[in-house]
Amino acid sequence: MHWSEARDIIRKWREENARNSIELVELWEDILKPKAYKLGDEHYLVLEQVCTAAFDCNRLDVATDCLQVLSSKFPGSVRIALLQVLHLEALERYDDALNLVDSIIKRDETNAAPRKRRVAILKAQGKTVEAIKDLSEYLKVFMVDQEAWQELCELYLCEQEYGKAAFCMEELLLHNPHNHLYHQRLAEIKYTQGGFENMDIARLYFCQSYKLNPKNIRSLYGIFLSSANVAASQKCTSSKKKEANQLSVWALKQINERYRDARGKNDEALDSLENNLGLLHLNSTTS
Amino acid sequence: MTELLLDSNIRIFVNFSMALTIFLIRILRVYMIKLFFQEEFIDLRNIQCIQALQRAEALLNNGHVLIRRSFISRKLFFCHESRGFFTIYEAKNTKNEEESMSSFFKDLGALAEYCRNNLVSVVPPILAGTWVHFTFGDLICTKIPFFITQQFKAILQAGVDVRDLDAYWVSSSSWYFINHFSSSSISRIFLGCDENDHIEPSSPRAVAALFKETKEKVLSMRENLEIYKHKWSLLNGFED
């Protein structure tokens with residue numbers, strides 16, 4: 001491969017925020033490193049990228065080389081300081097990393113990157129509660145940062161705070177009302193929360209997700225389970241019960257058809273699927 | 001009337017030296033700005049406000065995907081009567097405005113800022129203009145390659161008061177102004193930045209305007225949220 005091709009590939013990854021760490025480090029070591037002087041100013045961008053990738057795959061030798069070049073070229077730069085934080089993290093010196101991040105934040109309060117880094121360090125240490133606290137402080141200021149909302153949702157799920165996780169998911173939904181995966185996720189959280197009301201909401205969100213993407217089999221299963229659950233609930237009015245029952249039957253039929261299409265006419269497997277779904281249904285109503 | 005013939009030395013001694021002076025002054029100004037205006041303008045509160053506005057807009061546009069309870073809780077976050085984000089922002093802002101209005105002229109910091117601004121953006125061009133005026137003031141230095149009306153004489157022939165001169169001759173003072181106003185794009189090419197990028201937000205008037213703009217946006221956004229009638233779109237959103 002010619003070095004300019006490698007450069008173009010790396011540039012594309014950089015622009016798309018694709019990580020591809022292992023391939024990136026390989027490209028760098030095999031092709032681009034001897035020709036680095038030909039890159040001009042882009043050299044430093046590539047170095048930054050390679051440095052992060054090298055930390056990703058624990059190639060500390062590559063990373064420290066990059067870091068040395070960068071820090072001699074740009075002493076006092078915040079971006080380089082963040083790379084140094086990554087280095088400390090890779091060495092598992094979390095306390096030093098935290099101190100360094102704090103000093104960076106103090107230097108430039110308006111920079112979002114070090115604040116997020118801090119959350120990542122706390123998460124790596126397993127201090128989920130503190131990470132949540134930090135991240136919500138961060139989100140009080142940078143409140144349209146979708147990545148951060150998503151991360152907060154994950155963290156809340158780890159702590160089994162489903163109500164709060166649902167709130168984060170709703171925030172994402174506000175910004176991407178046509179993303180079927182976000183609908184599905186919110187429905188799953190609501191389903192996990194349980195209770196008649198939440199189950200009903202989950203059913204509707206599953207339906208919306210399925211409507212947005214009819215190939216989403218997970219939401220189809222979701223429709224089946226949540227509507228069966230709604231139908232089995234004692235709080236359910238009779239008209240709603242009927243509707244939910246219809247919906248669950250319909251969803252089951254759709255799932256069956258999907259399997260039939262995929263597998264050809266293998267009735268035995270389908271029978272067992274139906275049995276399993278019936279069991280699942282039973283379990284969810286008794287629990 | 002016979003055609004005027006310009007001395008070819010004018011090209012080197014007037015046009016070239018003028019362009020060079022203007023360019024050097026541009027460079028000087030950029031470095032003066034770097035020297036004087038180091039503080040960052042954007043602060044945390046501004047970021048927060050801008051992002052809050054974006055979030056509120058998303059809520060307005062896509063609030064229908066949320067269930068009613070979630071929508072209301074977000075609406076209250078923005079416009080609760082005493083604790084809402086926008087309410088607090090407005091209250092703070094009016095207070096700030098009163099303070100800043102009364103203290104603008106007393107405050108030495110603001111005054112110094114104003115002086116520095118003038119020093120950087122107004123004084124060098126004036127000095128250069130005076131120099132050009134006294135050195136080359138009464139010279140014709142170039143010619144526009146097309147005919148224009150007599151009304152342009154006052155603009156193009158500043159400093160040269162000859163009644164019978166055709167309007168397409170340009171005097172050196174006017175040439176200086178034309179050069180001066182058109183040189184910003186050239187300096188952007190050479191220096192990679194324009195001084196106006198730095199000056200605009202730092203001047204107190206610009207800051208006040210910016211604040212007013214966000215303030216108005218906050219006000220209208222709050223009103224929009226107040227009157228927005230929420231309806232969950234999913235309730236009748238699915239049919240088999």
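Convention: sequence-line order gives letters A, B, ...; per-chain numbering from 1. If you're wondering where the values come from, they're calculated on a predicted model, not measured in any experiment.
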**Asked** What part of A/D145 gets closer than 4.5 Å to chain B, counting heavy atoms only: side chain, backbone, both or neither?
**Response** backbone
**Fill in**
Nearest heavy-atom contact between A/L135 and A/A148 is CD2-O, 3.7 Å
**Asked** Do A/N229 and A/S227 have side-chain N/O donor and acceptor atoms under 3.5 Å apart?
**Response** no
**Prompt:** Does any heavy atom of chain B fall under 4.5 Å from the side chain of A/Q254, the backbone, both, or neither of them?
**Reply:** neither
**Request:** Please work out which of the three classes, parallel, tilted or perpendicular, describes the rings of A/F167 and A/W149, given edges at 30° and 60°.
**Result:** tilted
**Item:** Heavy-atom proximity to chain A below 4.5 Å, by part of B/F77
**Value:** side chain
**Asked** Contact part of A/E197 toward chain B, heavy-atom cut-off under 4.5 Å: side chain, backbone, both or neither?
**Response** side chain
**Request:** Decide ring-ring contact (aromatic ring centres under 6.0 Å, His included) for B/Y228 and B/F71; before the verdict, give the C-alpha distance in whole Å, the side-chain angles of both, and the deciding distance to 0.1 Å.
**Result:** CA-CA 11 Å; B/Y228 181 75; B/F71 178 81; 5.4 Å; yes
**Complete:** Given B/N61, B/I50, B/I67, the one with more heavy-atom pairs under 4.5 angstrom with chain A than any other is B/I67
**Prompt:** Are B/K75 and B/E226 close enough for a salt bridge, meaning some N to O gap below 4.0 Å?
**Reply:** no
